[in-house]
Amino acid sequence: MNSSLLAAAPWWRPDTGDTLVIQGGRPLVGTYPISGAKNAVLPLMVSALLTPHLVTLHNVPANLDVAVLAALLQRLGCEMHWSTKADLSVTISADRVQPGRIDPDLVSRMRASVLLLGALLARCGEALLPMPGGDAIGLRGIDFHIDGLRAMGAAVELEGGMIRARAPRGLRGADILLPLPSVGATENLLLAALHAQGTTTIRNAAREPEIADLAACLIAMGARISGLGSHVLTVEGGAPLAGAIHTVLPDRIEFGTLALAAAVTGGALSLRHGRIDLLGVAASSFAAAGVDLQQADGGVVARRARNGLAGVDVTTGPYPGFATDLQAPVMALLATAAGASAVTETIFEQRFRHVDELAKMGAAIAVRGRTALIRGVDRLQGATVTCTDVRAAAALVIAGLGADGETRLGGLDHLDRGYDRMTQKLAFCGADIARLG
Ligand code: UD1
């Protein structure tokens with residue numbers, strides 16, 4: 001596993017030590033560089049499959065998901081050249097693509113690998129993919145993806161844990177209504193539609209900024225896409241696609257997570273490349289909870305508001321609603337905010353697995369169906385906890401940074417999947433944090 005990652009992503013350093021040890025209570029102070037968005041770079045890397053020309057991406061986050069996708073693309077015949085000169089950049093050449101060679105072990109590690117389906121169908125007319133893996137946070141069906149591809153003329157069969165899709169005579173444009181504004185389905189169908197004959201309309205499309213970032217790169221390649229940032233995306237298929245050079249959007253989830261960490265520890269972080277405008281509704285929830293954000297030159301300064309942390313009610317929703325990926329992190333802050341909070345999760349049905357872990361640290365949280373009721377306590381205490389998904393991992397780091405005493409985190413693959421060198425960046429800002437074991 002690690003050898004195929006290192007071959008495809010030589011910058012990837014599997015961090016030694018499977019326990020993250022944090023001595024809490026130190027304010028975070030300094031500059032924390034926000035990396036490119038994980039959720040933008042994955043579809044952008046997959047989009048390189050659509051063209052035989054070179055696609056160069058700058059501001060690539062150095063995380064495990066990127067390394068896994070790089071290994072998958074390499075198996076499919078892509079060549080990748082990495083540069084670590086200024087930021088991490090990759091140039092991908094998908095001159096020769098061999099659609100049959102997908103590694104089930106790698107696919108099982110990452111839900112976003114389902115995006116290979118649309119891109120491979122479009123480029124090669126066929127795709128054979130094991131059912132994708134990813135976080136254990138709910139059903140996370142892929143029915144919208146499959147129904148959309150079928151509407152575009154693909155024959156898709158599910159058998160023995162595999163998805164087999166074929167469109168030997170090519171895909172055709174279709175009018176598709178998504179039952180929910182699914183991020184992944186919007187991206188998958190967008191990619192597939194580029195090589196379909198005629199016009200594809202995706203209604204009830206997701207509007208996350210990462211989709212507009214993907215579309216911007218595709219348009220630079222020559223794609224004809226309209227309706228960016230709206231619920232209706234229209235694609236005129238069949239335009240020849242050239243290469244492109246694109247800089248990945250800053251990660252709004254990493255930004256929001258570190259803003260919360262600054263406020264929890266009572267420090268002040270200058271979040272380089274952070275953008276308040278990408279937070280959507282979360283910006284006003286953060287303000288109400290006592291997270292002070294000031295946009296400055298080249299980034300955002302985040303600190304605790306003078307009146308301290310206060311309980312707020314939060315309901316997750318599709319963008320610009322409160323991002324489900326910030327739900328666990330905000331709960332780590334609300335655990336010690338004055339008063340009560342209600343956090344309702346509407347996107348994923350099992351995304352409260354961090355609650356038991358936060359409770360081990362002294363948080364007072366009761367789950368009633370899709371809502372977690374939080375009574376703010378004065379302090380959390382360090383404990384031994386386990387990361388249950390990518391965003392739960394971030395929440396536990398925030399909790400550990402603010403807690404009294406020592407917190408020991410296991411299950412660090414989750415942290416590595418989503419965050420670029422978090423341990424080093426935090427240590428640089430004064431955290432007492434180290435990986436041991
Ligand atoms: C993406 C993000 C993830 C984020 C999520 C919601 C990436 C790589 N991941 O995940 O970080 O938490 O958006 O903002 O960008 N659904 C179905 N059938 C489908 C597709 C989705 O029922 O075919 C449901 C899911 O189970 C879920 C909801 O729709 O309840 C939203 O899922 P979706 O937006 O597709 O999330 P992802 O694209 O997997």
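Counting convention: from 1, in listed order, for ligands and their atoms alike.
Below 3.5 Å of separation, one finds an N or O of Asn39 facing an N or O of ligand 1. Taking any N or O of Thr324, backbone or side chain, none lies under 3.5 Å from an N or O belonging to ligand 1. Polar contact check, Phe348 against ligand 1: no nitrogen or oxygen pair lies under 3.5 Å apart. Considering backbone and side-chain atoms together, Phe144 places an N or O closer than 3.5 Å to an N or O of ligand 1. Polar contact with ligand 1: absent for Lys38 (N/O pair, distance under 3.5 Å). Between Asp143 and ligand 1, an N or O atom pair is found at a separation short of 3.5 Å. Taking any N or O of Gly141, backbone or side chain, at least one lies under 3.5 Å from an N or O belonging to ligand 1. Here's the thing with Leu42: none of its N/O atoms is less than 3.5 angstrom from an N/O atom of ligand 1.
Residue Glu210 does not touch ligand 1, judged by heavy-atom distances below 4.0 Å. Counting heavy atoms closer than 4.0 Å to ligand 1, residue Val183 contributes atoms from both its backbone and its side chain. Of all the heavy atoms of Ile146, none lies under 4.0 Å from any atom of ligand 1, so neither backbone nor side chain is involved. Of the heavy atoms in Asp325, only side-chain atoms (C-beta onward) come closer than 4.0 Å to ligand 1. Under 4.0 Å from ligand 1, the heavy atoms of Arg351 that appear belong solely to its side chain.
For the pair Thr200 and Gly173, the tightest heavy-atom approach, listed with the atom from each and the gap, is OG1-CA, 3.2 Å.
Counting atoms of ligand 1 from 1 in the listed order, those under 4.0 Å from a heavy atom of Ile142 are 19 (C), 23 (O). Atom numbering of ligand 1 starts at 1 in the shown order; those under 4.0 Å from a heavy atom of Leu180 are 29 (O).
In this structure, Arg391 CZ and Gln327 CD are separated by 12.0 Å, a value rounded to the nearest 0.5 Å. The OG1 atom of Thr186 sits 12.0 Å away from atom CD of Glu210, with the distance rounded to the nearest 0.5 Å. Here the straight-line distance linking atom OG1 of Thr371 with atom CZ of Phe352 works out to 6.5 Å at 0.5 Å rounding. Rounding to the nearest 0.5 angstrom, the gap separating the CG atom in Leu279 from the CG atom in Leu293 is 6.5 Å.
Looking only at distances, no side-chain donor or acceptor of Ser4 sits under 3.5 Å from a matching main-chain atom of Ala71.
With respect to Arg203 and Asp175, a salt bridge is recorded, a charged nitrogen being found less than 4.0 Å from a carboxylate O. A salt bridge links Arg435 with Asp416: the distance from a Lys NZ or Arg NE/NH1/NH2 to an Asp or Glu carboxylate oxygen falls below 4.0 Å. Salt bridge status for Asp143 with Arg150: absent, with no side-chain N to carboxylate O gap under 4.0 Å.
The heavy atom nearest to atom 38 (O) of ligand 1, considering only Ala40, Pro318, Gly184, Ala112, is found in Gly184. Around atom 35 (O) of ligand 1, the closest heavy atom drawn from Ser182, Gly317, Ala37, Gly418 belongs to Ser182.
Exactly one of Thr257, Asn63, Leu64, Val397 qualifies for a side-chain contact (heavy atoms from CB on, under 4.5 Å) with Tyr419. That residue is Thr257.
A side-chain N or O of Arg207 and one of His231 form a donor-acceptor pair less than 3.5 Å apart.
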